[in-house]
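Everything below concerns the one structure shown next.
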Amino acid sequence: MQTFQLQIREALARHTGLAADELKFELPRDSALGDLAFPCFAVAKALKKAPPAIAAELAQKLSSDLTGITAVATGPYLNFRIARAELARVVVGEIESAAARYGGSSVGANKTIVIDFSSPNIAKPMHVGHIRSTIIGQALHRIFTSLGYKAVGINHIGDWGAQFGGLVVAMRRWKDTVDLETEPVHGLLDLYQRSKAAIAEDPEFAREAKEAYQELESGREGPVRELWRWITEVSLRGFDKTYKRLGIHHDLVRGEAFYEDLLEPTVERATQAGVTEVSEGALVVQLGAIDKGLTETPCLLRQSNGTTLYATRDLAAMFQRYEEFHFERCLYVVGAEQKLHFRQLKAVLKRMGVEWEPRIEHIYFGLLLGPGRVKLASRNKGEVLILDELIDDVVNEARRVVLEKNPAQRDADTIAEQVGIGAIIFNDLKRERIRDVVFDKSEILSFEGETGPYVQYTHARLASILRKASEAGEGGAAPDWTAFEEAGPLLVALGRFPEVVQSAAVHAEPSEIATYLLSLGRDINAWYVQNRVLGQAPGVTAARLALVRASKTVIANGLRLLGPAAPDEM
RNA sequence: GCGCCCGUAGCUCAGUUGGAUAGAGCGGCGGUUUCCUAAACCGCAGGCCGUGGGUUCAAAUCCCGCCGGGCGCACCA
């Protein structure tokens with residue numbers, strides 16, 4: 001695909017006298033106009049002529065220069081149309097030779113990207129509120145990896161804080177009243193909730209909890225630390241089950257506790273840099289000079305009672321991560337509610353004169369809302385929608401639909417899992433990150449329209465054609481590339497995939513790939529219902545099969561980057 | 001009150017960083033199955049791109065004001 005662009009670009013540069021890499025192209029509004037468009041407005045000034053005149057003139061001049069490409073002036077636009085046979089041969093050839101690597105590149109070679117994502121709190125089951133960071137973060141990890149970056153996914157689990165004092169005491173007292181065997185995390189949640197109530201009502205309990213937390217903080221080995229370690233382990237084991245179903249993998253699991261030893265040195269570092277001051281008894285960094293919007297909200301590094309905070313830990317983590325990885329970018333996939341927090345931290349780094357501060361990016365996303373746009377996952381309310389239960393619901397519905405559509409399906413369980421989870425993941429990634437996601441179960445369960453299952457279904461249909469072709473022994477002839485008049489939009493779309501992946505990485509925006517896949521699916525479906533593949537003249541069948549194979553590869557590659565499986569049957 | 005984000009079809013959203021007649025899905029209406037899986041495809045209806053100004057040859061897109069909605073606002077994470 002690049003080769004055509006390059007040829008056009010160079011020819012255009014020759015005739016306009018402008019630098020080749022300055023010329024901007026776009027896709028024509030209507031694919032009937034052409035495959036690539038060059039708006040002549042931008043060069044009108046330099047050439048001192050009216051855009052339509054330039055377009056007409058260039059079309060004239062270029063026609064002799066380009067082979068296999070026709071240039072037509074339509075008003076102020078110069079539209080290029082690549083001969084279908086040539087376009088098909090080249091695009092399909094590129095996809096065939098790159099196969100599973102098509103869409104990827106090596107632009108990121110020798111560069112490291114740190115991605116902080118998912119980061120649930122231990123001692124509680126993962127609820128639906130964790131899903132966005134988890135899914136977006138994992139998709140980014142795969143996207144960057146496919147571009148040759150070394151991606152380091154870090155799970156910054158919440159394993160520290162005063163609440164563990166209460167939990168430890170609750171364990172001591174009520175351990176035997178809950179089931180910590182079958183689903184330990186559910187039992188722990190119960191204990192956690194009871195401990196919160198007890199701290200409020202029972203002074204003795206509160207005192208003991210505080211003592212336990214101090215014991216934990218001291219770093220001393222002993223029963224408290226042992227208990228805390230056990231809680232961490234069973235929680236992580238619980239998370240792992242969910243992660244496995246969703247295809248989530250972290251390179252490092254580092255809880256907040258990991259950074260405990262770095263807190264004092266970090267505070268010291270800030271103090272040495274001369275940016276701290278004491279205000280109302282707390283150690284703060286004033287940020288108004290860096291960012292006017294932060295005048296009234298300095299960053300607190302130490303409370304008036306001497307203890308450190310969330311910000312202190314995150315600041316420590318930033319330094320530690322830079323020193324360990326020398327990252328190109330460090331992405332925090334965290335909800336938009338925490339924008340102020342990251343804005344403050346970046347301002348602190350800036351005040352300290354840290355030159356890599358721009359590499360820290362808060363990749364924020366909108367809220368997860370229930371039907372009626374009500375907030376779903378509020379931490380303060382007891383009602384939490386447990387993620388595993390949601391997944392089970394969707395997978396069960398998927399199984400029902402699989403068997404309804406395809407009663408003979410023997411592998412319904414596997415496919416239901418793929419379709420259900422595909423629906424959940426795709427639902428989260430199909431819109432821009434910033435938008436709130438309305439979690440409408442009936443919409444997710446419909447499996448129709450702009451959904452993961454739509455893309456998966458398209459993939460399964462393509463796989464089915466290939467299966468039938470091989471059963472019938474078709475496709476062995478030399479491909480006849482001339483029968484692609486109607487495949488233009490599809491071919492252009494297939495050729496564009498690498499740019500889409502690249503752009504999704506730059507913007508840290510997986511939705512660009514999701515949107516692309518939906519559009520590609522429409523192109524594919526529209527094409528193959530009109531162009532039967534099997535049973536044509538051998539050369540035509542061979543060429544169409546090659547296009548089917550290429551389309552299937554691109555869908556599979558795109559889905560792999562986002563997370564959903566690409567089943568061969570549904 | 002201050003800061004940030006959002007406002008495009010009845011609903012949910014795209015719109016290639018300023019370009020052609022603003023596009024999809026859902027919902028509505030009407031079609032397509034002796035034909036590679038109808039989770040699909042085709043057609044019709046549906047728009048003052050919140051609003052008022054400005055910049056520009058050109059604005060849904062950039063700037064300013066206003067209206068409406070959301071999130072956040074030092075000793076929680």
Side-chain angles (χ1 to χ4, degrees), chain A residues 24-30 33 37 39-42 44-45 50-51 74-77 79 119 121 158 160-163 256 279-285 291-307 309-311 313-314 335-341 343-344 364 366-367 369 373 375 379 398 401-402 404-406 419 430-432 434-438 440 443 446-451 453-454 456-458 460-469 472 474 496 499-500 503 507 511-512 515 518-519 521-522 525-526 528-530 532-535 544 548 569-570:
Chain A
K24 280 205 150 187
F25 292 92
E26 51 191 79
L27 291 178
R29 173 101 19 234
D30 182 350
L33 291 166
C40 298
F41 307 100
K45 215 168 242 174
T74 330
Y77 287 84
N79 290 313
S119 309
N121 296 323
W160 207 247
Q163 72 271 25
E256 296 178 60
S279 166
E280 295 173 38
L283 189 72
V284 307
V285 181
D291 182 337
K292 265 190 285 179
L294 297 177
T295 310
E296 285 169 29
T297 47
C299 181
L300 268 79
L301 295 182
R302 205 197 288 284
Q303 304 183 46
S304 45
N305 68 11
T307 55
L309 295 110
Y310 180 47
R313 272 192 284 280
D314 262 355
E337 315 87 84
Q338 297 196 33
K339 276 169 90 165
L340 177 62
H341 175 248
R343 194 171 158 193
Q344 285 181 319
Y364 51 88
L367 267 40
L369 301 170
R373 301 195 78 84
K375 206 170 170 181
R379 301 186 270 149
V401 175
V402 168
E404 176 191 300
K405 305 271 183 191
N406 197 349
V419 169
K430 72 179 173 185
R431 306 191 216 295
E432 272 185 304
I434 348 165
R435 309 208 83 99
D436 293 342
V437 167
V438 176
D440 187 339
E443 200 181 300
S446 82
F447 306 143
E448 284 171 20
E450 295 179 324
T451 63
Y454 170 86
Q456 291 176 317
Y457 180 71
T458 305
R461 291 291 301 268
L462 297 175
S464 173
I465 294 174
L466 295 175
R467 214 161 38 233
K468 292 251 153 75
E474 293 195 50
R496 224 165 53 82
E499 293 170 31
V500 173
S503 174
H507 301 138
S511 71
E512 291 183 18
T515 306
L518 290 170
S519 164
R522 282 192 292 271
N525 284 313
Y528 82 64
V529 297
Q530 288 298 320
R532 205 180 151 72
V533 176
L534 304 180
R544 288 183 179 172
V548 166
E569 329 173 23
M570 278 175 69

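Protein chains get the first letters and strands the later ones, always in sequence-line order, with residue 1 at the start of each.
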Open item on the list: Using a distance-only criterion (donor-acceptor N/O pair, under 3.5 Å, no hydrogens), is the base of A74(B) paired with the side chain of Glu280(A)?
Closed with: yes
Task: Side-chain donor/acceptor of His507(A) to base of U16(B), under 3.5 Å - done: no
Measuring from the side chain of [X] (C-beta onward, heavy atoms only), which nucleotide among [options] has the closest atom?
{"X": "Ala460(A)", "options": "A77(B), U37(B), C73(B)", "answer": "U37(B)"}
{"X": "Phe41(A)", "options": "C57(B), A40(B), G25(B)", "answer": "C57(B)"}
{"X": "Met570(A)", "options": "C13(B), A77(B), A39(B)", "answer": "A39(B)"}
{"X": "Leu33(A)", "options": "G25(B), A20(B), A77(B)", "answer": "A20(B)"}
{"X": "Asn79(A)", "options": "C41(B), U12(B), A20(B)", "answer": "A20(B)"}
{"X": "Glu569(A)", "options": "A77(B), A39(B), U37(B)", "answer": "U37(B)"}
{"X": "Arg522(A)", "options": "A38(B), C41(B), A74(B)", "answer": "C41(B)"}
{"X": "Ser279(A)", "options": "A74(B), A40(B), U16(B)", "answer": "A74(B)"}
{"X": "Ser464(A)", "options": "C36(B), G70(B), A24(B)", "answer": "C36(B)"}
{"X": "Val401(A)", "options": "A77(B), A39(B), G25(B)", "answer": "A39(B)"}

For [N] and [M], measure between their [atom1] atoms and round to the nearest Å.
{"N": "C64(B)", "M": "C48(B)", "atom1": "P", "result": "27 Å"}
{"N": "G53(B)", "M": "A59(B)", "atom1": "P", "result": "14 Å"}
{"N": "C44(B)", "M": "G25(B)", "atom1": "P", "result": "12 Å"}
{"N": "U61(B)", "M": "U56(B)", "atom1": "C1'", "result": "13 Å"}
{"N": "G27(B)", "M": "C42(B)", "atom1": "P", "result": "16 Å"}

Open item on the list: With a 6.0 Å cut-off (strictly less than), is the heavy-atom count around CD of Glu296(A), excluding the residue itself, greater than 12?
Closed with: no
Counting only side-chain nitrogens and oxygens, does [X] get under 4.0 Å of the OP1 or OP2 atom of [N]?
{"X": "Asn525(A)", "N": "A40(B)", "answer": "no"}
{"X": "Lys430(A)", "N": "A14(B)", "answer": "no"}
{"X": "Tyr457(A)", "N": "A39(B)", "answer": "yes"}

Hey, what are the protein-to-nucleotides 3-6 of chain B N/O distances that come in under 3.5 Å?
unit_1 : atom_1 : unit_2    : atom_2 : d
G3(B)  : O2'    : Arg343(A) : NH1    : 2.6
C4(B)  : O2'    : Lys339(A) : NZ     : 2.6

Task: Strand RNA chain B as a dot-bracket string - pairs counted if Watson-Crick or G-U with both distances under 3.5 Å, | where the partner lies in another strand - done: (((((((..((((.....[...)))).(((((.......))))).....(((((..]....))))))))))))....
- [ ] Starting from the 5' end of RNA chain B, give me the residue, Pro51(A) or Arg302(A), whose nearest nucleotide shows up first.
- [x] Pro51(A)
Open item on the list: By nearest heavy atom, map Val402(A) and Leu534(A) onto RNA chain B; which one lands nearer the 5' end?
Closed with: Leu534(A)
For [X], answer base if it contacts any base atom (sugar-phosphate contacts may also be present), sugar-phosphate if it contacts only those atoms, and nothing otherwise; contact means non-hydrogen atoms under 4.0 Å.
{"X": "Ala282(A)", "answer": "base"}
{"X": "Val529(A)", "answer": "sugar-phosphate"}
{"X": "Ala37(A)", "answer": "base"}

Whole angstrom value for the distance that separates [atom2] of [N] from [atom1] of [X]:
{"X": "Glu512(A)", "N": "U17(B)", "atom1": "CD", "atom2": "C1'", "answer": "11 Å"}
{"X": "Glu26(A)", "N": "A14(B)", "atom1": "CD", "atom2": "C1'", "answer": "17 Å"}
{"X": "Leu300(A)", "N": "G72(B)", "atom1": "CG", "atom2": "P", "answer": "19 Å"}

Task: Side-chain heavy atoms of Phe41(A) within contact of Lys24(A), under 4.5 Å - done: no
